[in-house]
Every structure is written in C-alpha cells, then in structure tokens.
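Note that these values count all heavy atoms, side chains included, but never hydrogens, waters or copies made by symmetry. Just follow the structure's listing: the first ligand is 1, and inside any ligand the first atom is 1.
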Amino acid sequence: MKSSKGHVISRVDEGSIAEELNIEVGDKLLKINDQDIEDIFDFQYLVQDDHLDVLIEKADGEQWLLDIDKDFDEDLGIEFENGLMDDYRRCSNNCIFCFIDQMPKGMRDTLYFKDDDSRLSFLQGNYVTLTNMSDADIDRILKYHLSPINVSFQTTNPELRCKMLGNRFAGDALKKVDRLCADGSGIELNGQIVLCKNVNDGAELERSIRDMTKYIPNLQSVSVVPVGLSKYRDGLYPLEPFNKEDAEKVIDMIESWQKKVYDEHGIHFIHASDEWYFLAGRPFPEAERYDGYIQLENGVGMIRLLLDEFEEEYQYILENYPEHLKNYKREISLATGRLVYPVIKELADKAMEVCPLLNVRVYEIINEFFGERITVSGLLTGQDIIKQLKDKELGEKLILPENLLRSGEDYLLDDVKISDIERELNVKVGISKCDGHDLADLLMGVNNE
Ligand code: SF4
C-alpha cells in the first residue's frame, strides 16, 4: 500500500542488494536519488543507475540513507505491497461489449473492478484503451522506454471507436498510438480487437487491419477475438453471436492479410483467436504462423501449442516407456469447457490407444452460470462442475485445467474451492497445467517434470 510517506516493502529477495543492506519487509522506500517515486514506472526508471542514494524508513521511524553502487541494470531485490506503487486507474469507458457488465450480481467485489491502467499493461500484460492516459503519461512511457504496451484498439475508425467504447474521447485517444510508434521511440506494442457482429467486422475490420499495419514494426501483433456474450445482457447494447459462416469470413480476411504482411515485413502480425477456428470447423494454423505465440494470453495459438506439445511428449513417452504403457492401469476423468472438449477428448483417446489398461472419461461442462455461449474453460464455475458431474463415473481422480483457478489460489470464479469439489463429488481433484507436455504426462502416468 502506498502511504503518504512512501511505499511499503513486502518482499526482500534472498542474496539481493536489499538483503545485504538489511532492508526488511515492512520498511518503506521514501526516495531514490532525492526524488519522490510516484509509481512503479518511476521506480523502475530510477533504479537503473550504477549509483543510488536510497532513503528507507525503518519500522521504528528511523530513516536510513543508503549509498549503493551496483551494476546499471542490477535489481535491488525488493517488491512492494502494492505492485503498482499507486492507486489503480479505473477505466473511463462504457464499452458495448464489456464482460464485467455481463456478470451476474453477487460475485466477489474485485471481479467488478474495471481497470484501464497502462502501468498494468507493462507489468501484467493487461490491454488498455489509452482513453484515460494523459500526454504526460505518454511522455513517461517514451522517456522510460516502457514496453510492451498492449492496446485494445477495437477499431481505427475514430467515430466507431467512440461508439464502441461509449467514450467521446476514444477516437482521439488513437493519436497516442502515433506518438508511441513515432520513429525511434523504441516502444513495442501489441493490439487487440474484440469483434462485434455488424459493428466493427467486415469492411470496418479490413480498414482497421490496413490502418494498423502502418504501425509495424512498433506494433508487433494484433489479435482478433469474438465478443463474449453471457446470458446477462438485459438492457445492454444488442449484440449477436457469430456463426460458422461469419467465422469463415473473419479467418479468410485475416489469413489473406497475414500473407500480405508476411511478404512485406516478415511477420504474420494479425491473428485470429482459436475460437474462430473452432467456430468455422477449420484446422488450426501451423506453429510458425503464430510468430512465437506472441498473443497466447488472448487465446491465440493455445490449441496449436497444446497439440504440438502433446505430440512431442507422446512420442517421447512411446519411445522411452514402452513397458510402463503396457501395464499402466488407471481410471481418471477430465472436465473441460465446451470449446476445447473435442481436442481434449481426442488427446485422451490417443493416450488410451497406447495404454490398454487406461480408462479416461472426458466431460464437457456447459457454462450455465454465465450462459451456454460462454465456452472457454477459464470461465467455468465450481457450481456448474459439481452439478454436472454429480452422478458421473469419475474414477480415482478428476483432473481440472489450471486456468479455471484464480492465479495462485485454490478457488474458482464463484469462490467454490477445490476442496468443495472434492467433498461434493467424493473424488480427489488434480490440476493440470494447460500445456500439452503436462497433459501427456498426466494421462500416460509419466512424471517428466
Ligand atoms: S475498457 Fe471497456 S471492456 Fe474494459 S473494463 Fe472498461 S468498459 Fe469494460
């Protein structure tokens, strides 16, 4: 938490400069080189020096001025109670597609917080709209060389952007991209478009892609993801779900731009998220097309990566553990969202082909909590899992994907804990990392960690 007198230190790394100087958890950082520290941007910038005067306040109020000589980019080895070292900035938009507006009442307060903070973009990869950034903020990003900055474009048509973001300044905010991408800025950006049917698709999408290519090489990638529509849309802007034909058109447009951009710039740049390929029933692009999986967090290339990693590990296990596979006897179950169910089922069947005594049941969980149109595993709730698996054969263990847990926690979106699921379903629950190596190891009973 930031106090008027400084930033409370919550962690001191073992063997770090801070530990050597007896800086402790609970101490406050007051100044570096006699300068106040507004937030994490300032901190990151100021510590990049080979000589620092660091003013610390100890728990008893005593102040220490520490004279530190270090390598230029060497870290002090401290973290703060508030990772941002400042209050989180709320978004100033009212987007027609906002998922937070489509959540039922009564969930955890933090889930309703609408942030739009460029500092979180840099720290955690959040996507920001740039609507609440001042010119001074852009100056700091340029001065401190903070990148990548992830930008939610939605469209490059200023008027349409105002309409989609429910903010009359949203069109003008695009000019900030020009500054970030000016010659020699050295700032890298990634972009995202949440596609809404009959709003920013078709000719508008084509225009956006064309406009955004002008920002290459600063802008390294742009993902196009379909809008998520929950069942709680009463009173909200009328948005329709995409169908197979729509998905085919989106993929065709994106793939034709990928060819063009690749010929000119050597990157594929614009990416359709996995959901489009599921919806169109088309095979997933080859790994090279994802430019190093730069947009994995947006669901772009996750399935290709999963399939390739699984195959690699599968072949390795086949070659190295033939006896184990013959005798490996287990009965387990997997639960997953509707979207990836066919893929997980296919991989489980593949494992069973080479393990004659293995029995894996894969269950597709329908998202009744948010509505059936929400098909990703990451938005599944504990109550749906419990309700839909209540009388099912689950075997010795039920495996759930890691992405339905809050990061570092053991509870799901609806606060149901893993232990609640275990108790209600009377089964041990295991968590699978969402990668193909782990899934192959888990299914075939090999530990290759
Ligand atoms: S920027 Fe738009 S989508 Fe994001 S939180 Fe704000 S209103 Fe919701």
Side-chain angles (χ1 to χ4, degrees), residues 83-84 86-134 137-138 141 148-177 180 189-201 204-205 208 212 222-242 273 275 295 297-300 370-371 373-374 376 378-379 406-407 413:
L84 210 55
D86 193 14
D87 295 332
Y88 286 69
R89 268 188 213 165
R90 261 178 196 285
C91 96
S92 52
N93 308 319
N94 190 13
C95 300
I96 59 171
F97 51 84
C98 182
F99 197 75
I100 295 175
D101 293 339
Q102 305 180 55
M103 298 202 314
K105 292 197 173 67
M107 298 178 76
R108 213 175 314 135
D109 280 354
T110 49
L111 294 174
Y112 298 99
F113 183 72
K114 296 182 173 182
D115 71 66
D116 192 16
D117 197 315
S118 58
R119 296 166 300 183
L120 290 178
S121 182
F122 169 66
L123 287 175
Q124 303 173 3
N126 294 19
Y127 275 75
V128 292
T129 63
L130 308 176
T131 51
N132 62 6
M133 281 177 79
S134 62
D137 291 327
I138 302 286
I141 290 176
I149 299 291
N150 295 334
V151 179
S152 283
F153 282 89
Q154 320 315 359
T155 170
T156 54
N157 174 344
E159 280 150 43
L160 181 58
R161 194 165 194 258
C162 292
K163 175 183 157 186
M164 287 189 77
L165 271 61
N167 181 334
R168 66 198 169 95
F169 303 109
D172 260 3
L174 286 169
K175 292 181 186 148
K176 292 170 191 155
V177 179
L180 292 170
L189 289 89
N190 296 294
Q192 186 195 48
I193 288 180
V194 176
L195 209 63
C196 299
K197 188 162 168 167
N198 301 328
V199 179
N200 59 340
D201 57 348
E204 289 292 347
L205 176 60
S208 296
M212 288 186 301
V222 177
S223 59
V224 179
V225 301
V227 61
L229 299 175
S230 88
K231 64 182 181 187
Y232 300 100
R233 289 203 53 87
D234 281 355
L236 299 178
Y237 188 94
L239 287 174
E240 283 174 53
F242 287 101
S273 69
E275 261 187 276
Q295 289 261 2
E297 294 296 318
N298 279 327
V300 177
F370 286 114
R373 287 187 196 139
I374 301 297
V376 293
L379 289 174
R406 306 275 300 159
S407 128
L413 261 178

Between Thr131 and Met133, is any pair of side-chain heavy atoms under 4.5 Å apart? no

Sorted by chain and number, protein N/O/S atoms nearer to atom 8 (Fe) of ligand 1 than 2.8 Å are Cys98 SG

For Asn298 and Gln192, does a side-chain donor sit closer than 3.5 Å to a side-chain acceptor? yes

One thing to verify: whether Lys114 and Asp101 come together as a salt bridge, which I'm taking to mean a side-chain N less than 4.0 angstrom from a carboxylate O. yes

Can you find a protein heavy atom under 4.0 Å from atom 2 (Fe) of ligand 1? yes

For Phe370 and Phe99, run ring-ring contact (aromatic ring centres under 6.0 Å, His included): C-alpha distance rounded to whole Å, both residues' side-chain angles, the deciding distance at 0.1 Å, then the answer. CA-CA 10 Å; Phe370 286 114; Phe99 197 75; 5.4 Å; yes

With the side chain counted from C-beta on, respond yes when Ile96 and Val199 share a heavy-atom pair under 4.5 Å apart, and no when they do not. yes

Distance filter under 4.0 Å to Thr129 heavy atoms, resulting ligand 1 atoms: 1 (S)

Is the shortest side-chain heavy-atom distance between Pro238 and Glu240 below 4.5 Å? no

I'd like to know if the side chain of Asn200 reaches the main chain of Gln154, judged simply by a donor and an acceptor atom lying under 3.5 Å from each other, with no hydrogens or angles considered. yes

